[in-house]
Amino acid sequence: MTKTARTEQASEPHTHIERYDPGSIEPHWQARWAELGLHDTDLVDDARPKYYLLTMYPYPSGDLHIGHWYIVTPSDALARFRRMHGYNVFFPIGFDAFGLPAENAAIKNGGHPFTWTMHNIETMRRQFRSMGATFAWKNEVVTADPSYYGWNQWLFLRFLEAGLAYRALSAVDWCPNDGTLAREQVEGTDRHCWRCGALVEKRDLEQWFLRTTAYADELLDFSGIDWPEPIKIQQTNWIGRSEGAEIDFEVAPDDYQPGGDVLRVFTTRPDTLFGATFMVVAPEHPLVPKLTHPDRLAEVEAYVGQARRRTEIDRLSTDREKTGVAIGAVAINPVSGERIPIFVADYVLATYGTGAIMAVPAHDERDFEFAQAFGLEIRRVVAGPDEASHGPMTAAYIAHAADAMLVNSGPYSGMPADEGGKAIVAWLAETGRAEPKVTYRLRDWLVSRQRYWGTPIPVIYCPTDGLVPVPDDQLPVLLPETVDYAGSGDNPLNHDEAFLRVDCPRCGGPARRETDTMDTFMDSSWYWFRYLSPDEAGGPVDREMTDRWTPVDQYTGGAEHAVMHLLYARFFTKAMADCGLVRDREPFRRLFNQGQILGADGERMSKSRGNVQDPDELVARYGADTVRLFLMFMGPWDQGGPWSPTGIGGVHRFLNRVWTLVVDPHGREPGDPEAGSLPAAETEARARAGLRSAAHRTLRDVTTDYEGFRFNTMIAKLMELVNTLFRYRGTVLAGRPEWDETISLLLLMLAPAAPHITEELWSRRLERAGRPWTSIHEQAWPEVDPNAVVEATREIPVQVNGKLRDKVTVPADATTADIEAAVLGRERIRAILNGRAPDRIVMAGGGKLVNLVIR
RNA sequence: GCCGGAGUGGCGGAACAGGCAGACGCGACGGUCUCAAACACCGUUCCUUGCAAGAGGGUGCGGGUUCGAUCCCCGCCUCCGGCACCA
């Protein structure tokens, strides 16, 4: 099929041997695979079991960098590995095409986000093909295309109907010149705008939310999906379920207000209510302006202004000294009737619980610090069994156990803490002043973005009819093609009259479009469904296809998506299932988080840092197979790390050795004094059996390494096999059946990782054997011969007091008594024992290791 | 700061279930081939000590459990990811 004429030279040891030239074989096979449609997936073929392999689709940032290769090529190896196991593999790709960088580029350099994005996609498509990846290009999805984002709108409207979408006020980082800023657009400790330098403030805007909290409990349930434990833990912590109670505190009347306002708090520790000696409300709490005394107003306003400029990370830092301001008003502790002061402090967030807390300094670290800083009363109301019930406290006492008792708690003193807490809530609940409550750290998903380059949110505001959803038959709401940034970062849709003006679908009167667009996480929350029917015009998904192909069998992507994307995707799937659109409630059956390749400087690769590594140069020099293999060999796939091409030569040398073994098995290297002869102690028969055994043991290990994503050790084992083969090159073994079998296994095992060189060598072998061509990638994965794997003897390490002192070789079927006798008979061991008997003989793992203990 | 992860030779890493620390590769050193160099090939390479056989030390730091700890427990240090508008 390819370069036929040259192969027969291979058997002559000293004629010119054709060298491995990836530059010619790689494009050849890539073209041929495309021509044969070898990797297009027949989505309706049910003769074979399906396997949906999904890799997180890339953002079209410009060029493909080495990080993309790191993400994609091991996934492609998995796709090929599964195909060889008889699966009908679907391995699609697309582009996450909306987002901030396209707009930044447009603002900076002029031009249109669309042009910039599509140009990048074109480049990246071309580069992706040079990897030899087996993507199902026919199913490609580009999210910035109306045929995709129109269905974002359709789905949004279904969620709106289902009560899962709603509007509410929410704060954004705001620059007076450039409008809403993303987090990365706010710079410096003084938090100024990246473009104009103005100090950033918070502004409350009416924005759209999706009700992720409605699924909080279901999202905590990971049964039935095989995800890495750390990811499940991170999601669980992110959702942050807390059981407790909401309790009402009444504001006392004073000279400035009549009292009676209710401050509702959430607490996980209602048992400590008698110890609540003050209250803290978030600076954003709606009652702050009303309750603040005039003499406190200036200070409170200054504090609130300051707090609102801080980041949440900063505010929640337990490191920072506690700050706050008393507002002057006083609340009544509902159980003790005591008057307790109310503070604003930035460590209480408006977005968690009720935005107000009862502060129990004796039993909460943050409250303790605050009380110390402000000289407030710290009153112990819980004591452990071995603790004094009274006396000064030097730190908050956080009761862990059920054996903690309530003290100083009126009629509840002496009760176990957990029981007392329930009793206190039950008592207050009788008069409607408390109720048991579960709160989550998880917030509803803010999907509004004040930007042009995203999916327009399909609603209309009418002076008569209010909020009107865009009717389905008027979808998609298209982004206007011309866009004028007018030198500002503000959303151009706000100034686009043609876009803004619309007739109300209900009354026909003049109305105004929503100008917010959707968070791009919306796009990535269902794209794998769309891959299955990218051209479907009747709906976002083809139900028959999604029922057949989802959930995704294996998802691979970066761990940086542990909480946001991966949680949104789970939420979306559940919400779509509840809207009757898909069957399953979980999107990804199995997840693997690969690490990230950083720049050589250890920082994230980005154009602005100038640390982007371009793979094209490496591909030109070594070929795609070497680059693929090197990325897999560098280290464990889930680890990532700083990029360094050091060592790529070793991988290239390995492929060269594979090449040499196949095209020139009888050749001899002048550098090897032993070349051409078997090791002195070895017979041909033993060498042949040993080679076959090595091949099958390698096959056994390589198979499990692929299955467990351990590509680095998989390649190391193939290197060992190649080293073994090289020792026998040019000897009587070359050309024997065991040699041919080993070469064949080697190529098959290597094929998923290095698809081009293996295809080339495979086809040459077929041709030499006079057999018709078939692709190596359509071969069945070979089976381990269990008889070849067994070994006749085993070597057992012998320790004395835990230190390795000797090794003893015994027959594979030796009993522990045999091993003990062999060990005690060893000269070295007898010398160490010096006539004594060991105090103890430890046979670890049924005789895997022996440890003699001498006192 | 909080949540998650990681720290092993000069370097990337291996040891998957508490049982031989350093597989495999890079680099370095020595050699073969060559007029020479490159390529290729063969060998050595954790540290200290010893001619050697060997001995001692060693998996970020300090403790602990165990016959035995890179692995488990307690307390730290450093680095990476995430912290809700980067994707």
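Chain letters run A, B, ... following the sequence lines, proteins first, then strands; residues in each count from 1.
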Handout entry: Nearest-Å distance once atom C1' is located in both B:C74 and B:A55
Key = 34 Å
Exercise for the section: Decide whether a cation-pi geometry holds between A:Arg19 and A:Trp659; the criteria are a distance under 6.0 Å from NZ or CZ to the six-membered ring centre and an angle within 45° of the ring axis. Expected result: no
Problem - Selection from B:C80, B:G1, B:A87 that lies nearest to any side-chain heavy atom of A:Asp96 - result: B:A87
Fill in the blank from the handout: With the side chain defined as heavy atoms from C-beta on, A:Lys803 is closest, among B:A87, B:G57, B:C67, to B:G57
Practice task
Verify the contact: side-chain N or O of A:Arg653 to OP1 or OP2 of B:C26, cut-off strictly under 4.0 Å; return yes or no.
Solution key: yes
Exercise for the section: Determine the contact category for A:Gln799: base if any of its heavy atoms lies under 4.0 Å from a base atom, sugar-phosphate if only primed atoms, P, OP1 or OP2 are that close, otherwise nothing. Expected result: base
Fill in the blank from the handout: As its Watson-Crick or G-U partner within any shown strand, both distances under 3.5 Å, B:U78 has B:A6
Exercise for the section: Among B:C41, B:C67, B:C83, find the nucleotide with the atom closest to the side chain of A:Phe726. Expected result: B:C41
Problem - Rounded distance in Å between the P positions of B:C61 and B:C71 - result: 11 Å
Practice task
Have a look at A:Val563 and say if it touches a base, only the backbone sugar-phosphate, or nothing, with a 4.0 Å heavy-atom cut-off.
Solution key: sugar-phosphate
Practice task
Carefully, step by step, assess A:Arg167 and A:Glu514 under the rule salt bridge (Lys or Arg N to Asp or Glu O under 4.0 Å).
Solution key: CA-CA 12 Å; A:Arg167 248 157 80 85; A:Glu514 171 66 82; 3.6 Å; yes
Problem - Residue whose nearest RNA chain B nucleotide is more 5′ - A:Leu852 or A:Glu184 - result: A:Leu852
Handout entry: Torsion-based syn/anti label for B:G9, 90° from 0 as limit
Key = syn
Practice task
Please state how far atom CG in A:Leu725 lies from atom P in B:C24, giving the value in whole angstrom units.
Solution key: 15 Å
Practice task
Indicate the ring-plane relationship of A:Phe98 and A:Tyr149, choosing parallel, tilted or perpendicular according to the 30° and 60° boundaries.
Solution key: tilted
Handout entry: For B:C85, the Watson-Crick or wobble partner whose two distances fall under 3.5 Å
Key = none
Handout entry: Heavy-atom side-chain proximity of A:Asp705 to A:Lys717 below 4.5 angstrom
Key = yes
Practice task
Could you let me know what B:C72 is paired to, Watson-Crick or G-U wobble, both distances under 3.5 Å, or none if it's on its own?
Solution key: B:G64
Problem - Ring-face cation contact, A:Phe654 with A:Arg657, 6.0 Å cut, 45° max - result: no
Practice task
Report yes if a side-chain nitrogen or oxygen of A:Arg657 is closer than 4.0 Å to either non-bridging phosphate oxygen (OP1 or OP2) of B:C42; otherwise report no.
Solution key: yes
Handout entry: For atom NE2 of A:His561 and atom C1' of B:G5, their distance in whole Å
Key = 16 Å
Exercise for the section: Name the nucleic acid region contacted by A:Arg441, choosing base, sugar-phosphate or nothing; use a 4.0 angstrom heavy-atom cut-off, strictly under. Expected result: base
Exercise for the section: Assert yes or no for the condition that the ring centre distance of A:Tyr347 to A:Phe370 is strictly below 6.0 Å. Expected result: yes
Problem - Minimum-distance nucleotide (side-chain atoms of A:Asn237 versus B:G81, B:C3, B:A87) - result: B:C3
Exercise for the section: May I ask you to verify whether the side chain of A:Glu312 and the base of B:G1 hold a donor-acceptor pair under 3.5 Å? Expected result: no
Exercise for the section: Answer yes if the ring centres of A:Tyr555 and A:Trp227 are under 6.0 angstrom apart, and no otherwise. Expected result: no
Fill in the blank from the handout: Side-chain contact check for A:Gln450: nearest option of B:A21, B:G25, B:C85 is B:C85
Handout entry: Inter-nucleotide P distance (B:C39, B:G30), Å rounded
Key = 15 Å
Practice task
Indicate yes or no for a side-chain donor-acceptor contact from A:Trp637 to the backbone of A:Tyr70 under 3.5 Å, with no hydrogens or angles considered.
Solution key: yes
Practice task
Would you classify A:Asn712 as touching base, sugar-phosphate or nothing, given that sugar-phosphate means primed atoms plus P, OP1 and OP2, and contacts are heavy atoms under 4.0 Å?
Solution key: sugar-phosphate
Exercise for the section: Indicate, with a heavy-atom threshold strictly under 4.0 Å, whether A:Pro636 touches base, sugar-phosphate, or nothing. Expected result: sugar-phosphate
Exercise for the section: Determine which nucleotide pairs with B:G43, using a 3.5 Å limit on both distances of a Watson-Crick or G-U wobble pair. Expected result: B:C29
Problem - Between P of B:C86 and CD of A:Glu187, the distance in whole Å - result: 13 Å
Practice task
Would you mind classifying the nucleic acid contact of A:Ser448 as base, sugar-phosphate or nothing, using non-hydrogen atoms under 4.0 angstrom?
Solution key: base
Problem - Pair assignment for B:C24, Watson-Crick or G-U wobble, requiring both distances under 3.5 Å - result: B:G12
Practice task
Measure from the side chain of A:Phe633, starting at C-beta and using heavy atoms only, and say which of B:C20, B:C86, B:G25 lies closest.
Solution key: B:G25
Handout entry: Nearest listed nucleotide, side chain of A:Arg828, among B:C41, B:C85, B:A55
Key = B:A55
Practice task
Measure the distance from CG on A:Leu316 to C1' on B:G82 and round it to the nearest whole Å.
Solution key: 14 Å
Exercise for the section: Please report, rounded to the nearest Å, how far the P atom of B:C3 is from the CD atom of A:Glu560. Expected result: 21 Å
Problem - Closest-nucleotide ordering on RNA chain B, the 5'-leading residue of A:Asp638 and A:Phe98 - result: A:Asp638
Exercise for the section: Name the nucleic acid region contacted by A:Asp839, choosing base, sugar-phosphate or nothing; use a 4.0 angstrom heavy-atom cut-off, strictly under. Expected result: nothing
Practice task
Give A:Leu100 one of three labels, base, sugar-phosphate or nothing, depending on what nucleic acid heavy atoms sit under 4.0 Å from its own.
Solution key: sugar-phosphate
Completion exercise
The single option from A:Arg310, A:Arg366, A:Arg315 that satisfies salt bridge (charged side-chain N to carboxylate O under 4.0 Å, His left out) with A:Asp346 is A:Arg310
Practice task
With heavy atoms under 4.0 Å as the rule, sort A:Val651 into base, sugar-phosphate or nothing.
Solution key: nothing
Practice task
Taking only the side-chain heavy atoms of A:Arg805 (C-beta and beyond), determine which of B:G56, B:A87, B:A21 contains the nearest atom.
Solution key: B:G56
Handout entry: Sugar-phosphate only, base, or nothing, as touched by A:His565 at under 4.0 Å among non-hydrogen atoms
Key = nothing
Fill in the blank from the handout: Ranking B:C3, B:C26, B:A87 by distance to the side chain of A:Gln234, first place goes to B:C3
Practice task
Would you please confirm or rule out a distance under 4.0 Å between OP1 or OP2 of B:C85 and any side-chain N or O of A:Arg451?
Solution key: no
Exercise for the section: Give the rounded distance in Å between these two atoms: CD1 of A:Ile648 and P of B:G12. Expected result: 17 Å
Handout entry: Heavy-atom donor-acceptor pair, A:Lys717 side-chain to B:C24 base, under 3.5 Å
Key = no
Problem - Pairing nucleotide - B:A52, Watson-Crick or G-U, each distance under 3.5 Å - result: none
Exercise for the section: Identify which nucleotide among B:A87, B:G25, B:G19 has an atom closest to any side-chain atom of A:Met719, counting heavy atoms from C-beta outward. Expected result: B:G25
Practice task
Using a strict cut-off of less than 4.0 Å between a Lys/Arg side-chain nitrogen and an Asp/Glu carboxylate oxygen, indicate whether A:Asp516 and A:Arg451 qualify as a salt bridge.
Solution key: no
Completion exercise
To the nearest angstrom, the CG-C1' distance between A:Leu718 and B:A14 comes to 15 Å
Completion exercise
From CG of A:Leu567 across to C1' of B:C3 the rounded distance in Å is 14 Å
Practice task
For A:Ile231, report the nucleic acid contact type (base, sugar-phosphate, nothing); a contact means any heavy atom under 4.0 Å.
Solution key: nothing
Problem - Residue-phosphate contact under 4.0 Å: A:Gln639 side-chain N/O, B:G13 OP1/OP2 - result: yes
Problem - Whole-Å P distance, B:C35 and B:U49 - result: 42 Å
Exercise for the section: Report which part of the nucleic acid A:Trp445 touches: base, sugar-phosphate, or nothing (heavy-atom distance under 4.0 Å, all strands). Expected result: nothing
Exercise for the section: Would you classify A:Arg320 as touching base, sugar-phosphate or nothing, given that sugar-phosphate means primed atoms plus P, OP1 and OP2, and contacts are heavy atoms under 4.0 Å? Expected result: nothing
Exercise for the section: Write down the distance separating the P atoms in B:C79 and B:A23, rounded off to the nearest Å. Expected result: 30 Å
Exercise for the section: Mind checking A:Gln207 for me? I need base, sugar-phosphate or nothing, with any heavy atom below 4.0 Å counting as a touch. Expected result: base
